[in-house]
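In what follows, a single structure is set out as structure tokens and then discussed.
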Number of protein chains: 2
Amino acid sequence: MSTEAPGRRQVTLRDVAQLAGVSVATASKAINGKAEVSPDTRQRVLDVAERLSFRPNALARAILDGHTGTVGLLTHDLEGRFSLPILMGAEDAFGAGRASVLLCDSRGDAIREQHHLGTLLGRRVDGLIVVGSQTDARPPLGSDLPVPVVYTYAPSTDPADASVVPENVTAGRIAVEHLLATGRRRIAHVSGDVTYAAATDRAAGVDAALEEHGLERVGPVRYGSWSEAWGRSSTAALLEQDVDAVVCGSDQIARGVLDALHDRGVRVPEDVAVIGFDNWEPMIAGCRPALTSIDMNFQAMGRRAAERLFASLEGRDGGGVETITPRVIVRESTGG
Amino acid sequence: MSTEAPGRRQVTLRDVAQLAGVSVATASKAINGKAEVSPDTRQRVLDVAERLSFRPNALARAILDGHTGTVGLLTHDLEGRFSLPILMGAEDAFGAGRASVLLCDSRGDAIREQHHLGTLLGRRVDGLIVVGSQTDARPPLGSDLPVPVVYTYAPSTDPADASVVPENVTAGRIAVEHLLATGRRRIAHVSGDVTYAAATDRAAGVDAALEEHGLERVGPVRYGSWSEAWGRSSTAALLEQDVDAVVCGSDQIARGVLDALHDRGVRVPEDVAVIGFDNWEPMIAGCRPALTSIDMNFQAMGRRAAERLFASLEGRDGGGVETITPRVIVRESTGG
DNA sequence: AAACATGCCGAAACCCTTTTCGGGCACGCT
DNA sequence: AGCGTGCCCGAAAAGGGTTTCGGCATGTTT
């Protein structure tokens, strides 16, 4: 059974060399395709290596040339639905570039984060990606780290650090532009927890876009929580005024609003258009009608963070904040 | 700025020793708390180490004593909502035991999986956890791997391998037991994709529990897809017979059923009780009434997999399939 | 005072791989 | 025959840390 023999010594280059009747130097050259080996010697070595299923010890190699081909991914949490696509994007970019990802979850705890940082540096990661949980800026990991760091989702408070963040203001803007383009004029906004920068940023974008078109938001920004329940319970107040579109701070809120409108017999999109943020597939999937949503491109964010980290490793990244532009995914709820 | 100086050589034990005026051997002993060092020499070394923020190179250490303190987490995908809690549970267990996790996503591709396996073995992981995407058994990673492997979610086809899997049959049973305990007798079952073992296993559990109580399922098992849409569209057929409870193959299906019942004016739980599987928080959160659901304890599954891997490393795990018992989370939809 | 014990430190080997450099061998040319 | 010239191969060092063992100096005992 394959779970047996856990103590068996791993096969080393010396074993291969010995069995092939050559020196370790020759074996190394044969395996790595160096020139100074005769074809038949090379073949003999390769055969033995194959037979023993030899794998060069990446650690020994790393200790030589100073970089390990590993990067640390230090995430604030794994619960939220935001870290995951970022993680996927980063894993994607790294996988292609032959780097491996060491994953650490600090679970919102700064102490744990520092602990993980210590072990990651001890393992000589070539670089670090730090994934935040809110878009609010966060203090940098440390002041004099020996490896480059890219902050994503939450930027570093030091603007000189490399950060990749979503454009929440633009997202709000895009939502309104889309509604305006489809003929809506009386637009209300219900959002999530006011302590989140994501909520206030999106609201700022909504208002800015409205103002540019000489319009005003209908009613106040109704901050609450990022839940369907809030979406449902806030709908009554929304409908007290004449409204033909509702911008919802998240897909969950939007879903709650859709439900409440449905119960009241308000037709979507005929009477009122509804738009959400995040384009969160499992939440979108169940909406009736299908929900138009702003996709923040989190996966692209993870990829960019990985790319910038690579660039930093080669000294080709000057730091600074980079933003990822969201895009609208048009579905039925805005009358597409 | 902290992203600078990426090429700066990392501080080594030799640097510390030199600055403290001792040999590397003494520095090593001082830092690792070995006895043969005078207290003041030790303090001097520790001060220097602190000042240089020295971190012992884990690679060099690993190359010595043969194990790295890293484990590979080879997941079939990151999209699904099942791999994530497993990953969290495993990361949790490892973080406590001072092992680091190398994360690889094979994205359902066997070739990619083998590639990742190669790099992980090259990095000399001490062990591997393989996370599947379906509960159907999968072929083992390889026949003669140098490190222990624990398969989770999807077991290995080799029963001698160490596997940790959810009890889907039991889950179906528990759902029915709960409904019976709350006085229901006419129970229907709507489920997801029939090609998933999770669907048929749960259905088998449902039927077995019914039979034990001398009851029969109302209507056929209505297989479809794991979606709200299927839940909604299958409801009409369900109601053609006299039904006082519906077991739904997933929370999404349950939610669709709840919606459809609501639209038809059927009261939940007064007229019909509804129960789901997976206890998937974001889906549960929006349900009206709050949905009773069977929690498969995925996080515990990840933890157990990690624990068994540790046991294997110490030769304390004989292999074999272990199951994780689900539990019912009672909420309003079953009249709690 | 001499022998001995003890405590502290350093030299060197080891782990595994890569790379440089030097040496041996065969062959061709004169 | 002797010399030069490539071609292959192997010895050795490097990289960072741990560990063993030997040595030195001091303190203790007789």
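Protein chains get the first letters and strands the later ones, always in sequence-line order, with residue 1 at the start of each. Remember, predicted model here, so these are calculated numbers, not experimental data.
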Please give, in whole Å, the distance from C/dC14 P to B/L59 CG? 22 Å

Atom-to-atom span, CZ of A/R14 to P of C/dC15 - whole angstrom: 6 Å

Expressed as a whole number of angstroms, how long is the span from A/R42:CZ to D/dG10:P? 14 Å

When the distance from CG of B/N57 to C1' of C/dC15 is rounded to whole Å, what number comes out? 13 Å

Going by the ring pair (Phe, Tyr, Trp, His ring centres under 6.0 Å) test, which pairs reach into residues 60-97 of chain B, not counting sequence neighbours? B/F82-B/Y153, B/F82-B/F298, B/F94-B/F310

Determine, for B/E307 against B/R316, whether the closest basic-nitrogen to carboxylate-oxygen distance falls under 4.0 angstrom. no

Start at the 5' end of DNA chain C and walk down; is the nucleotide closest to B/L64 or to B/R44 reached first? B/R44

Measuring from atom CG of B/L120 to atom CG of B/L145, what distance do you get when rounded to the nearest 0.5 angstrom? 11.0 Å

Are the side chain of B/S23 and the backbone N or O of B/T26 linked by a donor-acceptor pair below 3.5 Å? yes

Please figure out whether B/I63 or A/D40 has its closest DNA chain D nucleotide nearer the 5' end. A/D40

Of all the nucleotides listed (D/dG10, C/dC9, C/dT17), which has the minimum atom distance to the side chain of A/L13? C/dT17

Rounded to whole angstrom units, what separation is found between the NE2 atom of A/H67 and the P atom of D/dG16? 14 Å

Whole-Å distance between D/dG15 C1' and B/D15 CG? 13 Å

Check: B/R308 main-chain N/O paired with B/E322 side-chain donor or acceptor under 3.5 Å: no

Is a donor on one side and an acceptor on the other found under 3.5 Å between the side chain of A/D109 and the backbone of A/S106? no

Nearest whole Å is fine: how far is C/dA11 P from B/Q18 CD? 12 Å

Tell me the interatomic distance from B/F54, atom CZ, to D/dG17, atom C1', rounded to whole angstroms. 8 Å

Would you say D/dC9 has OP1 or OP2 under 4.0 Å from some side-chain N or O of A/T41? yes

Are any of B/T12's side-chain N or O atoms less than 4.0 Å away from OP1 or OP2 of D/dG17? yes

Among residues 25-37 of chain B, which ones have heavy-atom contacts with DNA chain D below 4.0 Å? B/A25, B/S28, B/K29, B/N32, B/K34, B/E36

Begin from the C-alpha positions of B/S100 and A/R123 and carry the test side chain to side chain donor-acceptor pair (under 3.5 Å) through to its verdict. CA-CA 9 Å; B/S100 296; A/R123 294 194 189 285; 2.9 Å; yes

Would you mind telling me which of C/dG10, C/dC8, D/dG17 lies closest to the side-chain atoms of B/R61? D/dG17

